[in-house]
Amino acid sequence: MPIIENNPAVAGASGTLGNTLVYKQYNGKTIIANKGKKREKLSEKQEEQVGRFKQATKYAKRELQKPEMKSLYAKGINKAKFIMSAYNVAIADFLTPPEIKEIDTKDYTGEAGQLIRVRATDDFKVKSVTITLADAEGEVIETGEAQERGKKGLWRYTTNIRRLAVKGTVVTAVAKDYPGNTTTQVFTML
């Protein structure tokens, strides 16, 4: 790909020549390249990703019109990772769901007032974590919002109902981020 500088014959040229060469202007230089091949039809996965990216850009534009969200996303700018604007942070947040790394039930013996800990992370920030306790047959015992502990994705849920038999108790954690992406993890106590 030749780059031409200070040649009056091609100064300011852009477009195609003979359906084979493409002239482009970039930073005051004229660049000549072979004309690219037409892209074949996108695969189903590619079409799906293009659609998700369009949704992400709509989300970012809408949310950044709200001063509180613009300020929140501005905190995620990280030039070391080439995330240069709140807009980029919002798009990445939309495209990346949270992760649940751990459900810790070691302190739960069935009494009310005991802690269940969840470590949930996101590329930006987890908005909420909901905990549901159910018996082995699937009947819900209790459900509620965990509280953020502030230490690298640690969330705590305090149980409200006393339960004598904890064996077979199913603990379901649902982490949600600001765009509404959710991740669910289920843990059965043995």
Side-chain angles (χ1 to χ4, degrees), residues 48-49 51-53 55-83 85-190:
E48 185 179 309
Q49 188 59 25
R52 280 189 34 80
F53 193 78
Q55 289 175 326
T57 58
K58 285 180 185 177
Y59 169 81
K61 288 175 184 175
R62 181 181 67 242
E63 292 302 305
L64 292 177
Q65 290 178 353
K66 303 172 188 172
E68 68 278 2
M69 291 304 291
K70 186 173 185 174
S71 173
L72 184 67
Y73 278 126
K75 293 176 185 174
I77 295 172
N78 185 338
K79 295 188 186 230
K81 292 183 179 180
F82 300 103
I83 301 174
S85 69
Y87 178 75
N88 295 135
V89 175
I91 287 175
D93 192 27
F94 184 92
L95 295 172
T96 310
E99 290 181 49
I100 297 174
K101 307 239 183 221
E102 172 186 28
I103 298 176
D104 178 0
T105 61
K106 70 180 177 198
D107 294 335
Y108 179 61
T109 62
E111 295 295 323
Q114 294 182 325
L115 291 178
I116 294 175
R117 294 174 187 86
V118 175
R119 187 162 308 276
T121 61
D122 188 53
D123 67 315
F124 178 62
K125 186 171 175 40
V126 176
K127 183 177 181 181
S128 66
V129 174
T130 304
I131 302 294
T132 303
L133 291 129
D135 63 20
E137 290 76 41
E139 187 171 326
V140 174
I141 300 162
E142 65 179 282
T143 189
E145 294 295 318
Q147 300 302 310
E148 189 173 16
R149 178 72 172 116
K151 290 185 177 179
K152 295 185 181 180
L154 184 62
W155 294 75
R156 290 182 173 179
Y157 176 72
T158 305
T159 58
N160 297 304
I161 298 174
R162 184 171 186 228
R163 177 164 165 71
L164 297 176
V166 295
K167 187 176 183 180
T169 299
V170 179
V171 180
T172 304
V174 179
K176 183 177 181 181
D177 65 5
Y178 281 89
N181 297 316
T182 60
T183 298
T184 302
Q185 187 170 350
V186 178
F187 176 78
T188 304
M189 297 180 69
L190 303 174

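Quick note: residue numbers are just sequence positions, from 1.
- For Asp123, the side chain to side chain contact (heavy atoms under 4.5 Å, CB included) criterion is met by Ala92, Asp93, Thr96, not counting sequence neighbours.
- Residue Ile91 comes nearest to Ala60 through the heavy atom pair CG1-CB, 3.8 Å, listed as atom of the first residue, atom of the second, then distance.
- By the 30° and 60° cut-offs, the orientation of the rings of Tyr73 relative to Tyr178 is perpendicular.
- Checked by atom type and distance alone, the side chain of Thr183 never pairs as donor or acceptor with a backbone atom of Ala175 at under 3.5 Å.
- Of the inter-residue distances, the one linking Ile116 atom CD1 with Phe187 atom CZ reads 9.5 Å to the nearest 0.5 angstrom.
- Thr57 has its side chain out of reach of Phe94: every pair of non-hydrogen atoms, C-beta onward, lies at least 4.5 Å apart.
- The closest side-chain heavy-atom distance from Val171 to Leu133 is below 4.5 Å.
- Around atom CG of Leu190, no more than 12 heavy atoms belonging to other residues, nucleotides or ligands sit under 6.0 Å away.
- Checked by atom type and distance alone, the side chain of Arg119 pairs as donor or acceptor with a backbone atom of Lys152 at under 3.5 Å.
- In this structure, the side chains of Asp135 and Arg163 come closer than 4.5 Å at one or more pairs of heavy atoms.
- The structure places CG of Leu115 at 11.0 Å from CD of Gln147, a figure rounded to the nearest 0.5 Å.
- Taking NZ of Lys101 as the reference point, atom CD of Glu99 lies at 4.0 Å (rounded to 0.5 Å).
- In this structure, the separation between OH on Tyr59 and CG on Leu64 is 8.5 Å, given to the nearest 0.5 Å.
- Taking all atoms of both residues into account, the shortest heavy-atom contact from Ala173 to Ile100 is O-CD1, 3.3 Å.
- Looking at residues two or more places apart in sequence or on another chain, you find a side chain to side chain contact (heavy atoms under 4.5 Å, CB included) between Glu111 and Thr109, Gln114, Arg162.
- Residues forming a ring-ring contact (aromatic ring centres under 6.0 Å, His included) with Tyr157 (at least two apart in sequence, or on another chain): none.
- With a 4.5 Å cut-off on side-chain heavy atoms, Phe124 and Asp177 do not count as touching.
- In this view, Glu145 satisfies the salt bridge (charged side-chain N to carboxylate O under 4.0 Å, His left out) rule with no residue, not counting sequence neighbours.
- The main-chain N or O of Gly113 is found under 3.5 Å from a side-chain atom of Thr159 such that the two form a donor-acceptor pair.
- Residues Val129 and Ala120 come closest through the heavy atom pair CG2-CB, 4.0 Å.
- Listed by first and then second residue, the salt bridge (Lys or Arg N to Asp or Glu O under 4.0 Å) pairs that reach into residues 58-77 are Glu63-Lys66, sequence neighbours excluded.
- With sequence neighbours excluded, the residues satisfying side chain to side chain contact (heavy atoms under 4.5 Å, CB included) with Thr182 are Val174, Lys176.
- Arg52 places a side-chain N or O within 3.5 Å of a backbone atom of Leu95 that can act as its donor or acceptor partner.
- Only one option out of Thr105, Ile103, Asp107 pairs with Arg117 in a side chain to side chain contact (heavy atoms under 4.5 Å, CB included); it is Asp107.
- Using a 4.5 Å heavy-atom threshold, the side chains of Asp122 and Asn181 count as separate.
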